[in-house]
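Below: the structure, in structure tokens.
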Amino acid sequence: MTDRVGIAKYLSEFFSPAYDLGEDGIPQFKMLIGGRWVTSQAGTEPVDSPADGSLVARVQTGTLENVEQAMQAVSTFGKKIRDIPAIDRINIFQQARNLLKQHKDEVVKTLVLEGGKTLRSASGEVEATAQRLSLTMEEARKIYGDYIPGDWSEDTVGKIGLAIREPEGVIAAISPFNYPLYIAAAKIIPALLSGNSVVAKPASDTPVSLLLFARILQEAGIPEGSLNVITGPGGKLGDAIVSDERVNMVTFTGSTDVGIHVNSVMGLKKRHLELGGKGIAIVLGDADVQLAARKVVEGNLSNAGQRCDAVATVLVEESVADQLLQKVVEEAKKWRVGDPMDPATDMGPLINESAAKRVETLVQDAVSRGAKLLLGGKRSGCFFEPTVLSDVPLDSRIFNEETFGPVLVVNRVENLDEALEIAKRPKYGLDSCVFSNNFYNMWKAAKAMDVGEVTINDNPKHGVGYFPFGGKKASGLGREGIGYSIDEMTHLKTIVFNLDPAGLGKRRASGSPRGRLGHLYI
Ligand code: NAP
């Protein structure tokens with residue numbers, strides 16, 4: 001018998017419908033389309049571990065024919081999900097949560113192998129997904145809508161209206177590599193719970209964890225065809241999914257460039273775009289400098305800086321700048337970089353070598369323009385050292401582009417006004433934070449920053465989405481969050497009842513059911 005290697009080494013019998021074992025012992029995952037695990041005629045794509053470059057799985061190279069099969073499935077069988085009572089949908093998701101907990105270790109190991117996440121970070125991602133399941137189940141119970149009595153307006157006397165929430169229909173869910181289980185699940189869970197069917201595409205670097213989650217949902221009992229997962233490179237496949245006329249809404253999380261492209265090809269559809277970020281931390285002279293140093297370093301280095309809500313730039317008031325810089329370097333030195341499978345490791349590799357080379361180029365560009373390198377700066381394969389730069393010229397690439405790596409830029413400013421002026425420069429507007437103990441300064445900064453979320457005295461964390469988050473400017477459109485995602489994935493349908501024919505409508509004192517507007521056709 002062939003030895004099970006790569007991700008197969010860690011998987012129990014439960015996941016076996018989702019893959020075949022290759023002759024080399026590597027699992028060859030299939031796609032879930034129309035309730036069945038299928039292969040593609042175009043063959044497979046390799047999935048490599050960024051930690052050591054080893055092959056850990058193969059996934060199908062989805063084709064346009066597979067997209068067509070998925071679209072047929074969602075638009076026929078997929079509708080079944082909206083017809084089952086909501087309480088039954090909740091029971092299915094309760095079961096999914098139990099299964100996810102039961103198979104936690106297998107999913108954690110998969111996240112480590114395919115994405116280079118540390119064990120701690122991968123474990124946190126699975127827990128966050130389980131929590132998201134629980135919280136969304138609670139929130140789904142609040143999908144009510146409104147009752148609107150018509151007699152408060154002259155135009156609608158004698159009528160009542162109901163504005164009810166209905167599922168959008170078919171949702172295309174495109175997810176990025178950095179939280180491949182959680183972000184995909186944060187789209188799929190509210191979509192299915194509120195009665196939509198889904199065609200999902202994971203990132204090519206980290207496709208397996210979503211396939212495992214799909215297997216869990218299948219076993220939990222979602223109706224056949226309500227969730228379809230297609231793997232393969234974005235490009236034509238992604239375009240075909242988002243632009244298909246049977247898709248009613250696109251929820252996309254990824255880079256700003258791809259988001260702008262997706263926005264332009266999808267046509268007239270509802271859209272939710274969670275795009276890139278450039279988190280700025282402002283540290284004022286009255287702040288707790290030790291706290292600020294620890295938090296900005298954690299906000300920068302967690303997940304090797306590959307977070308849309310990462311702290312990328314610190315603007316520190318001159319009076320505490322030296323103190324902060326010294327503590328930032330001390331804190332960053334504590335982070336142990338290494339094998340993500342080792343429980344002692346704090347930071348693993350970047351997702352692939354080209355991502356690590358890009359970060360290296362950003363650092364070199366800043367240094368060549370006069371920035372001071374205070375720590376790190378070196379790359380080895382996909383690994384990049386925790387790095388601290390100071391005095392970075394404002395026209396450096398790293399000051400303006402998304403970094404998506406473990407590099408913290410710390411620049412001095414005269415005062416809050418200067419910090420707020422500089423914070424406007426990057427095109428992004430996702431998250432920022434302010435460290436201060438003066439209420440008026442916190443408030444002034446929070447109101448002035450043109451971003452979706454400002455955190456005071458902590459680094460930004462989208463976490464399980466308990467607080468809503470989302471972008472402004474080049475960081476996207478729409479809001480994600482426990483109840484907010486359900487709002488995005490449903491629409492209001494207004495049903496107006498004319499009660500006059502049955503004599504049940506309210507009457508005006510004059511005896512006429514209508515006011516002086518009569519029937520106003522607009
Ligand atoms: P990406 O390169 O933009 O890819 C995102 C997803 O889009 C992947 O599944 C990708 O598939 C797919 N895709 C590529 N071309 C497509 C097309 N033409 N049509 C439809 N889909 C297409 O992003 P990434 O590198 O995976 O993720 C990192 C980015 O995501 C960062 O910019 C980060 O800030 C952002 N992000 C934002 C948030 C937020 O909440 N705002 C959260 C997490 C991440 P392939 O992998 O096959 O190309």
Side-chain angles (χ1 to χ4, degrees), residues 6-8 10 18-19 26-31 40 42-62 107-118 121-122 125-126 129 173-187 200-214 229-238 241 252-259 261-262 274-276 302-308 310 339-341 347-360 379 381-384 402-406:
I7 289 174
Y10 298 99
Y19 67 92
I26 294 286
Q28 210 152 290
F29 285 89
K30 303 177 197 170
M31 299 178 286
S40 158
T44 60
E45 308 276 322
V47 181
D48 299 329
S49 156
D52 60 8
S54 63
L55 179 68
V56 296
R58 294 188 184 89
V59 294
Q60 302 298 313
T61 312
V107 183
V108 166
K109 295 287 176 11
T110 300
L111 285 165
V112 175
L113 284 182
E114 69 173 352
K117 274 173 190 280
T118 61
S121 164
E125 185 166 348
V126 177
T129 306
I174 314 282
S175 44
F177 77 81
N178 61 335
Y179 287 90
L181 170 70
Y182 175 75
I183 292 179
K187 297 178 181 307
K201 195 201 97 59
S204 295
D205 280 314
T206 52
V208 181
S209 41
L210 172 55
L211 293 166
L212 301 190
F213 189 58
V229 183
I230 301 180
T231 51
K236 277 189 191 157
L237 198 63
I241 295 172
F252 172 89
T253 301
S255 61
T256 295
D257 285 351
V258 177
H261 169 79
V262 162
E274 291 288 349
L275 310 179
S302 304
N303 210 30
Q306 301 171 112
R307 296 190 354 264
C308 55
D339 176 4
M341 251 337 158
M347 197 181 97
L350 298 191
I351 190 62
N352 54 44
E353 196 156 348
S354 74
K357 282 184 174 160
R358 187 182 153 275
V359 173
E360 188 175 33
R379 178 183 71 81
C382 300
F383 287 85
F384 203 87
E402 184 173 38
T403 313
F404 237 55

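With rounding to the nearest 0.5 Å, the separation of NE2 in His261 from OG1 in Thr256 is 14.5 Å. Taking CE of Met347 as the reference point, atom OG of Ser121 lies at 12.0 Å (rounded to 0.5 Å). Rounding to the nearest 0.5 angstrom, the gap separating the CD1 atom in Ile26 from the CG atom in Leu55 is 4.0 Å. Gln60 CD to Met31 CE: the interatomic distance, rounded to the nearest 0.5 Å, is 5.5 Å. Summarising the geometry, atom CG belonging to Asp48 is positioned 7.5 Å from atom OG belonging to Ser54; distances are rounded to the nearest 0.5 Å. Between the CD1 atom in Ile174 and the CD1 atom in Ile183 there is a gap of 13.0 Å [rounded to 0.5 Å].
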Hey, can you pull the donor-acceptor pairs under 3.5 Å for the side chains in residues 175-182, sequence neighbours left out?
| from | atom 1 | to | atom 2 | distance (Å) |
| --- | --- | --- | --- | --- |
| Asn178 | ND2 | Gln306 | O | 3.1 |
| Tyr182 | OH | Arg132 | NH1 | 3.1 |
| Tyr182 | OH | Gly463 | O | 3.3 |
| Tyr182 | OH | Val464 | O | 2.9 |

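In this structure a side-chain-to-backbone donor-acceptor pair under 3.5 Å is missing from Lys117 to Pro340. The backbone N or O of Met341 lies less than 3.5 Å from a partner atom in the side chain of Asp339, making a donor-acceptor pair.
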- [ ] List the steps, then state whether side chain to side chain contact (heavy atoms under 4.5 Å, CB included) holds for Leu350 with Phe404.
- [x] CA-CA 9 Å; Leu350 298 191; Phe404 237 55; over 6 Å; no
TODO: Applying side chain to side chain contact (heavy atoms under 4.5 Å, CB included), run through Ile241 and Lys201 and close with a yes or a no.
DONE: CA-CA 9 Å; Ile241 295 172; Lys201 195 201 97 59; 4.1 Å; yes
- [ ] Go through the steps to decide whether Leu212 and Phe29 satisfy the test side chain to side chain contact (heavy atoms under 4.5 Å, CB included), and finish with yes or no.
- [x] CA-CA 9 Å; Leu212 301 190; Phe29 285 89; 3.9 Å; yes
TODO: Would you check, one step at a time, whether the test side chain to side chain contact (heavy atoms under 4.5 Å, CB included) holds for Thr129 with Phe213?
DONE: CA-CA 10 Å; Thr129 306; Phe213 189 58; 4.2 Å; yes
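Pro202 and Ile230 get closest at one heavy-atom pair: CD-O, 3.3 Å. Residues Glu353 and Gly381 share a closest heavy-atom pair of CG-O, 3.9 Å. Contact between Ala57 and Val208 at its shortest, heavy atoms only, is CB-CG2, 3.9 Å. Heavy-atom minimum distance, Thr206 versus Gly115: CG2-CA, 3.8 Å. Ser40 and Thr61 make their closest contact through OG-O, 2.5 Å (heavy atoms, listed as atom of the first residue, atom of the second, distance). The minimum heavy-atom distance between Arg307 and Asn303, with the atom names listed, is CG-CB, 3.9 Å.
One side chain, Lys187 or Thr253, offers a donor N or O that lies under 3.5 Å from an acceptor on the other. Between Ser255 and Asp257, the side chains place no donor N or O within less than 3.5 Å of an acceptor N or O (distance only, hydrogens not considered).
A 4.5 Å side-chain heavy-atom check between Glu114 and Pro207 finds at least one atom pair inside the cut-off. Within the 4.5 Å cutoff, the side chain of Val59 has heavy atoms near those of the Val47 side chain.
Looking at Arg58 and Glu45, no side-chain N of the basic residue comes within less than 4.0 Å of a carboxylate O on the acidic one, giving no salt bridge.
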